[in-house]
Protein chains: 2
Amino acid sequence: MKGNAVYKRSYNGCLAICGSLPLGAEMPSENELSQSLAVSRTTIRTVMTGLEAAGILRRESGARRLSRRPAPDDAFPDTQTLSTSATVERRFLEWILDGHIGPGHLLTATELARQFGTSTTIIREHLPHFQHFGLIERRPNSAWLFKGVTPAFANEIYEVREMFELRAARSFIDLPDDSGSWRRMRTIEAEHRSLLASIDTDYGLFPDLDERLHRTVHETADNRFIKDFYDIISMLFHYNAQWDAEDEKQRTFTALTEHLAYIEALLRRDLKAIDRACRQHLKTARSNLLRSIELRMKVPSAPDASPA
Amino acid sequence: MKGNAVYKRSYNGCLAICGSLPLGAEMPSENELSQSLAVSRTTIRTVMTGLEAAGILRRESGARRLSRRPAPDDAFPDTQTLSTSATVERRFLEWILDGHIGPGHLLTATELARQFGTSTTIIREHLPHFQHFGLIERRPNSAWLFKGVTPAFANEIYEVREMFELRAARSFIDLPDDSGSWRRMRTIEAEHRSLLASIDTDYGLFPDLDERLHRTVHETADNRFIKDFYDIISMLFHYNAQWDAEDEKQRTFTALTEHLAYIEALLRRDLKAIDRACRQHLKTARSNLLRSIELRMKVPSAPDASPA
DNA sequence: AGTTTGTCTTTTGTATATAAAACGCAAGGG
DNA sequence: CCCTTGCGTTTTATATACAAAAGACAAACT
């Protein structure tokens with residue numbers, strides 16, 4: 001009734017630790033392991049038992065020692081290390097953003113549960129979350145209305161994003177000199193320059209860097225609602241990146257350049273320049289998003305079919 | 001396994017319709033009733049059966065006729081007409097905002113379910129909602145952290161509220177002359193003047209008027225995220241009003257005056273004046289909220305006890 | 001043709017069941 | 001003493017069960 005994804009993830013984690021240990025060495029204590037993997041000691045114990053059964057660890061007067069080197073296929077496949085809930089969230093968003101259904105479509109919990117092979121419990125847990133994202137709307141005692149990934153959606157998100165990011169960026173200059181944010185920002189700047197140098201091969205690393213920059217800016221606003229909102233943007237970017245691979249390198253180059261102007265302005269505490277660079281970057285980002293949404297609306301990938 | 005609050009609410013609704021009908025008159029069709037009460041025909045049918053069993057309606061060749069005048073105690077009590085979910089939401093917020101627990105307290109779903117006499121299903125449905133409100137924070141696979149109704153909470157809410165309300169107010173002046181918003185705003189203005197005249201007796205009507213004004217402004221931003229956010233503010237106001245009755249009349253008077261300046265500026269499409277009035281009003285509202293939160297933090301009503 | 005009602009099917013709201021994971025206490029060892 | 005492990009208890013994640021409500025279709029009635 002409850003998956004054991006936590007177990008499998010922890011098992012793989014311990015396996016990695018084993019791999020970095022010389023043969024015959026003693027494993028860290030249950031407490032240390034549970035802390036470093038951020039799970040309960042109970043789970044660690046179960047994992048230890050599993051590793052012993054697999055012949056990887058051996059008990060010796062209380063302590064556990066590495067008795068054989070773990071092979072790559074001792075690990076559980078990555079697909080099994082995510083909870084049902086996380087899997088459904090991902091698959092649902094992919095399905096939505098892939099344009100399988102159009103605006104105005106009605107979603108019923110039962111049907112979604114069938115479609116994704118889970119219980120309605122999980123589905124009912126996620127629907128409010130997607131409502132928070134502005135993707136669906138509830139009809140009381142009835143189905144949910146899909147509002148669509150439309151230009152309106154993008155514009156509304158960006159209207160808010162601009163307000164929040166500008167506000168956060170402005171608060172950046174008020175940070176005390178000894179705030180950790182300055183150091184982090186300088187690191188991010190260096191990473192930008194290094195990525196720019198190796199852009200031909202490494203442009204795939206950009207999304208992560210992008211997120212770190214914007215989160216660093218948003219952090220300084222010190223406002224839970226502003227930080228929360230960035231989760232929506234982050235989600236949108238993550239999935240949007242998947243279906244809009246066109247011109248990715250060129251767009252990455254532009255973004256890196258704009259980011260650098262933005263970062264320099266932040267580091268110089270130059271309010272005017274911050275405003276200018278921030279607006280410019282968000283304008284580009286918004287039109288990229290709009291372009292890919294409009295493109296997608298013209299070429300619906302599959303009008304309305306189950307992904308299975 | 002499923003409450004019948006919808007039935008009871010509809011029953012009371014039909015009872016009210018019966019009450020407005022002369023004896024022996026024919027009831028509206030099932031379809032009409034289901035439309036006017038916004039429930040399914042299935043529910044209406046069940047209600048009709050109930051009303052017949054209670055001797056209020058009598059069947060006569062297909063049609064239903066009023067056979068006796070409904071008495072006040074034919075109706076179900078109001079407490080039974082709310083779904084379990086709605087009841088729990090209300091009780092939970094009251095409990096939180098009443099200061100029964102302090103910031104840093106850990107909430108477990110099981111305990112809350114016990115406390116409110118429901119299943120964990122309902123609790124688990126609501127916790128993410130309160131997270132959206134910024135009141136709690138999730139620890140994965142574990143309890144929820146209550147962040148508290150603190151001055152920080154109020155300030156963060158107001159920082160966003162100011163951005164959103166100013167943005168919406170500015171977009172008001174771009175509305176076309178024939179937009180319904182102008183008419184609605186003039187009505188609201190009239191209501192303000194009338195309430196101001198009878199303030200000594202009617203100040204209790206203010207919260208509703210307040211909400212209508214701000215929603216009308218927010219509507220014009222035409223942004224789902226801005227509208228959504230107003231739900232948080234609305235919740236906070238609703239419950240805050242309950243525990244801060246002090247000086248209510250005086251505060252209402254101030255708010256009415258500030259609102260009128262704001263409304264006049266909006267109707268005149270005077271951007272400068274809109275900005276000024278809006279900021280002034282939000283400043284007052286924010287400090288009222290801060291004052292009552294600080295007051296409450298000094299006098300904790302009951303450190304940590306179950307309300308039952 | 002368009003309503004109205006009777007009947008049957010599907011979906012939603014809520015409680016409960018159960019394996020996995022977290023939590024907490026006590027005893028043992030450096 | 002503080003850290004470790006062993007073990008019993010509680011809580012969480014997920015599936016399932018089932019009454020209430022919604023939805024769908026056809027026969028009856030204007």
Side-chain angles (χ1 to χ4, degrees), chain A residues 1-10 27-34 37-49 59 61-64 83-88 106-114 117-127 138-144, chain B residues 1-10 26-35 37-49 59 61-64 83-88 106-114 117-127 138-144:
Chain A
M1 301 237 151
K2 183 180 186 177
N4 55 352
V6 176
Y7 168 75
K8 291 178 175 168
R9 192 158 4 111
S10 309
M27 276 299 268
S29 82
E30 295 174 358
N31 269 323
E32 282 175 274
L33 287 171
S34 90
L37 295 183
V39 294
S40 75
R41 198 163 63 80
T42 308
T43 300
I44 295 294
R45 282 180 129 256
T46 319
V47 169
M48 292 297 117
T49 312
R59 301 221 66 168
S61 65
R64 293 181 181 92
S83 68
T84 311
S85 195
T87 310
V88 166
L106 288 175
L107 303 169
T108 64
T110 316
E111 198 183 334
L112 290 172
R114 270 198 297 272
T118 51
S119 67
T120 54
T121 311
I122 297 287
I123 299 293
R124 288 173 59 90
E125 177 174 88
H126 283 283
L127 289 174
R138 171 178 220 138
R139 321 247 121 155
N141 290 332
S142 181
W144 297 72
Chain B
M1 300 233 155
K2 181 180 188 177
N4 53 353
V6 175
Y7 169 76
K8 290 178 176 168
R9 191 158 4 110
S10 309
E26 198 171 316
M27 277 298 268
S29 83
E30 294 174 0
N31 269 322
E32 281 174 274
L33 287 170
S34 91
Q35 287 219 304
L37 295 182
V39 293
S40 74
R41 198 163 63 82
T42 307
T43 300
I44 295 295
R45 281 180 130 257
T46 320
V47 169
M48 292 298 116
T49 311
R59 301 221 66 172
S61 67
R64 295 181 180 89
S83 69
T84 312
S85 193
T87 311
V88 167
L106 287 176
L107 303 169
T108 64
T110 315
E111 198 183 333
L112 290 172
R114 269 197 298 271
T118 51
S119 67
T120 53
T121 311
I122 297 288
I123 300 293
R124 288 174 61 88
E125 177 173 85
H126 284 284
L127 289 174
R138 169 177 221 141
R139 319 248 123 152
N141 290 330
S142 183
W144 295 73

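A, B, ... follow the sequence lines: proteins, then strands. Residue 1 opens every chain. Computed from a predicted model, the values in this text were never measured in an experiment.
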B:Ile122 versus B:Thr118, closest heavy-atom pair with distance: CB-OG1, 4.2 Å

Look at all strands and tell whether B:Arg59 reaches a base, only sugar-phosphate, or nothing, counting heavy atoms closer than 4.0 Å. sugar-phosphate

Nearest nucleotide by nearest heavy atom, which residue falls closer to the 5' end of DNA chain C, B:Met1 or A:Asn4? B:Met1

Kindly give the heavy-atom pair with the smallest separation between B:Thr43 and B:Ser10, and that separation in Å. CG2-OG, 3.6 Å

Name the residue closer to the 5' end of DNA chain D, choosing between B:Tyr7 and B:Asn141 according to the nucleotide with the nearest heavy atom. B:Asn141

Angle between the two end axes of the helix from C:dA1-D:dT30 to C:dG30-D:dC1, five base pairs per end, rounded to 10 degrees? 30°

Nearest heavy atom decides the nucleotide; on that basis, is B:Leu107 or A:Asn31 closer to the 5' end of DNA chain D? A:Asn31

Identify whether any heavy atom of A:Arg139 sits under 4.0 Å from a base atom; if not, whether one sits that close to sugar-phosphate; answer base, sugar-phosphate or nothing. nothing

Give the nucleotide from the list C:dG24, C:dA15, C:dA22 with an atom nearest to the side chain of A:Arg41. C:dG24

Considering every strand and a 4.0 Å limit on heavy-atom distances, what is the contact class for A:Gly62: base, sugar-phosphate, or nothing? nothing

With a 3.5 Å cut-off and just heavy-atom distances, do the side chain of A:Lys2 and the base of C:dA20 make a donor-acceptor pair? yes

Boundaries of the DNA chain D segment in contact with chain A, non-hydrogen, under 4.0 Å: D:dT4 to D:dG23

Contact summary for A:Glu125 and A:Ser85, nearest pair of heavy atoms: OE1-OG, 3.0 Å

Note: for B:Pro140 and A:Thr121 on DNA chain C, the residue whose nearest nucleotide lies more 5' is A:Thr121

Report which part of the nucleic acid B:Arg9 touches: base, sugar-phosphate, or nothing (heavy-atom distance under 4.0 Å, all strands). nothing

Short side-chain to backbone donor-acceptor contact, A:Arg114 and A:Gly117, under 3.5 Å: no

Please pick, from C:dA21, C:dT16, C:dT14, the nucleotide with the shortest atom-to-atom distance to any side-chain atom of B:Thr120. C:dT16

With sugar-phosphate meaning primed atoms plus P, OP1 and OP2, does B:Ser85 contact a base, only sugar-phosphate, or nothing at under 4.0 Å between heavy atoms? sugar-phosphate

